Amino acid sequence: MTQKKDQLIIAGRAYQSRLLVGTGKYKDFEQTRLAIDASGAEIVTVAIRRTNIGQNEGEPSLLDFVPPDRFTYLPNTAGCYSADDAVRTLRLARELLDGHTLVKLEVLGDPKTLYPNVIETLKAAQVLIKEGFDVMVYTSDDPIVAKELEHIGCCAIMPLASLIGSGMGILNPWNLQIIIEQVKVPVLVDAGVGTASDAAIAMELGCEGVLMNTAIANANDPIMMAGAMKKAIEAGREAYLAGRMAKKLYSASPSSPSQGLIS
Amino acid sequence: MNKATSMNLKINGNIKSFDDSSITVEGLVTKLNLLGKRIAIEKNGMIISKSEFQNITLQDGDQLEIVGAVGGG
């Protein structure tokens, strides 16, 4: 019997790793690369920003350490507060990455909480999909919005676990579960994971993957944490596939035989 | 009327003066030491594809955004 490979499929492409990582907030590019390697991630997010004009020609860039031919780049729209800005950013990203269509859409609504503006997000998603982008979309954990984003044609729905960079973990597993049950495209938790158990819980709930940045980059030892996250994602996924035992409330069930006790 | 011997371009929000009266996008990219770098350029709100860099001539007052990929989550 051949066992079917458990792969993450996004926009028709298969990935072995269910951990997606950001490339921000690291000490330097060397640490960025080592952490990504330890995480086993194949998809890495990048931001699109104005180039330093007048920079030294030999100045290293992220692309030297995280080569786009070895990793799947996922350009994001971090910092965009309107659909127009997000669309404009991703058009530039597509040009920058030679026609690459897989993108992460996020439209923010508030600089303090970085909470997503789902109205602008929906508008941007509509335009981008019409233009041929494969849109992985960051959103709130509202199941109705998630379904609407799927209906528009997003290739992955990525609700927050908690606020971006907060490390507060999964605040509403119930909503996540409703989204996972109702949405047919992959659901990935994006934002809010703080430590390995958060990632494992997301996977145990049935998420197809987790996207994180700060939980790794802001750990005391980012490279070790990247390895911990890799294991947590794998363990959580296997536990989900294995199917957990039913919870028995308020009554125990012994694991050892009740017969043959010495008296 | 005097022929313009220099021009101003607004690049990434800053005005930059150039001695030339006209310059192609490729010429500008070379001047800025960005040749061969992975960048994308928007001129007056429209993206210029790399294949057009040598054909498009910039004019006084053009607004350019030159972007690249940086670390982010």
Side-chain angles (χ1 to χ4, degrees), chain A residues 20-26 28-29 31-32 44-59 61-68 73-79 84 88-89 91-100 104 106 114 138 164-165 190-191 211-217, chain B residues 4-73:
Chain A
L20 290 70
V21 298
T23 55
K25 295 184 178 173
Y26 287 97
D28 51 33
F29 291 136
Q31 190 186 56
T32 312
V44 299
T45 63
V46 295
I48 305 301
R49 289 292 179 272
R50 284 174 164 171
T51 300
N52 263 337
I53 302 298
Q55 68 179 1
N56 300 328
E57 214 169 336
E59 198 181 342
S61 88
L62 176 70
L63 291 94
D64 301 327
F65 288 80
V66 186
Y73 266 36
L74 187 64
N76 69 23
T77 59
D84 286 346
R88 190 177 166 201
T89 300
R91 285 178 184 150
L92 280 165
R94 176 156 65 177
E95 175 61 27
L96 182 76
L97 298 171
D98 305 321
H100 172 94
K104 171 181 160 179
E106 59 179 299
L114 300 179
Y138 172 63
I164 293 173
D190 179 3
L211 199 170
M212 65 179 78
N213 188 346
T214 313
I216 296 174
Chain B
T5 52
S6 72
M7 64 170 177
N8 291 329
L9 299 173
K10 195 172 188 181
I11 305 174
N12 289 353
N14 298 311
I15 307 267
K16 267 188 167 295
S17 291
F18 293 87
D19 291 335
D20 324 60
S21 56
S22 78
I23 187 171
T24 62
V25 177
E26 189 170 79
L28 177 72
V29 167
T30 308
K31 255 189 201 311
L32 297 176
N33 283 332
L34 294 171
L35 202 65
K37 301 252 181 196
R38 203 176 264 271
I39 52 168
I41 300 183
E42 198 185 63
K43 184 189 109 179
N44 303 330
M46 300 290 287
I47 289 174
I48 304 173
S49 76
K50 288 178 198 81
S51 57
E52 289 294 306
F53 278 10
Q54 51 187 347
N55 302 330
I56 290 181
T57 305
L58 297 168
Q59 291 172 354
D60 188 52
D62 277 345
Q63 300 199 14
L64 300 162
E65 291 288 341
I66 306 179
V67 301
V70 301

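Chain letters run A, B, ... following the sequence lines, proteins first and then strands; every chain starts at 1. These numbers come from a predicted model, not from an experiment.
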Part of residues 58-65 of chain B lying next to chain A, heavy-atom separation under 4.5 Å: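 Contacts with chain A: Glu65(B).
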Between the side chains of Asp19(B) and Ser6(B), is a donor N or O closer than 3.5 angstrom to an acceptor N or O?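 Looking only at side-chain atoms, Ser6(B) and Asp19(B) do not form any donor-acceptor pair under 3.5 Å.
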Measure the shortest side-chain to side-chain distance between [X] and [Y] over non-hydrogen atoms and say whether it is less than 4.5 angstrom.
X	Y	result
Tyr26(A)	Ile216(A)	yes
Thr77(A)	Tyr138(A)	no
Pro68(A)	Arg38(B)	yes

Can Ile11(B) and Leu28(B) be said to form a side chain to side chain contact (heavy atoms under 4.5 Å, CB included), step by step? CA-CA 11 Å; Ile11(B) 305 174; Leu28(B) 177 72; 4.0 Å; yes
Looking at Ala47(A), Gly24(A), Gly22(A), which has the largest count of heavy-atom pairs under 4.5 Å with chain B?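 Sorted descending by pairs with chain B, the first entry is Ala47(A).
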Contacting moiety of [X], where chain B heavy atoms sit under 4.5 Å:
X	value
Leu63(A)	side chain
Leu96(A)	both
Lys25(A)	neither
Ile164(A)	neither

Which atom pair, heavy atoms only, marks the closest approach of Leu9(B) to Phe18(B)?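 Scanning both residues, the minimum pair turns out to be CD1-CE1, 3.7 Å.
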Residue Lys16(B) excluded, over 12 heavy atoms near NZ under 6.0 Å: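 Counting other residues, nucleotides and ligands, NZ of Lys16(B) stays at 12 neighbours or fewer.
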Of the backbone (N, CA, C, O) and the side chain (C-beta and beyond), which part of [X] lies under 4.5 Å from a heavy atom of chain A, both, or neither?
X	result
Ile39(B)	both
Lys31(B)	neither
Ile47(B)	side chain

Hey, is the main chain of Lys104(A) close enough, under 3.5 Å, to the side chain of Asn76(A) for a donor-acceptor pair?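 Pair absent, no side-chain N/O of Asn76(A) close to backbone of Lys104(A).
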Check whether Asn12(B) reaches the backbone of Thr51(A) with its side chain - one donor and one acceptor, N or O, closer than 3.5 Å.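 Yes, because the side chain of Asn12(B) sits within donor-acceptor range (under 3.5 Å) of the backbone of Thr51(A).
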Would Lys43(B) and Ile56(B) satisfy side chain to side chain contact (heavy atoms under 4.5 Å, CB included), going step by step from the backbone distance to the final call? CA-CA 10 Å; Lys43(B) 184 189 109 179; Ile56(B) 290 181; 3.9 Å; yes
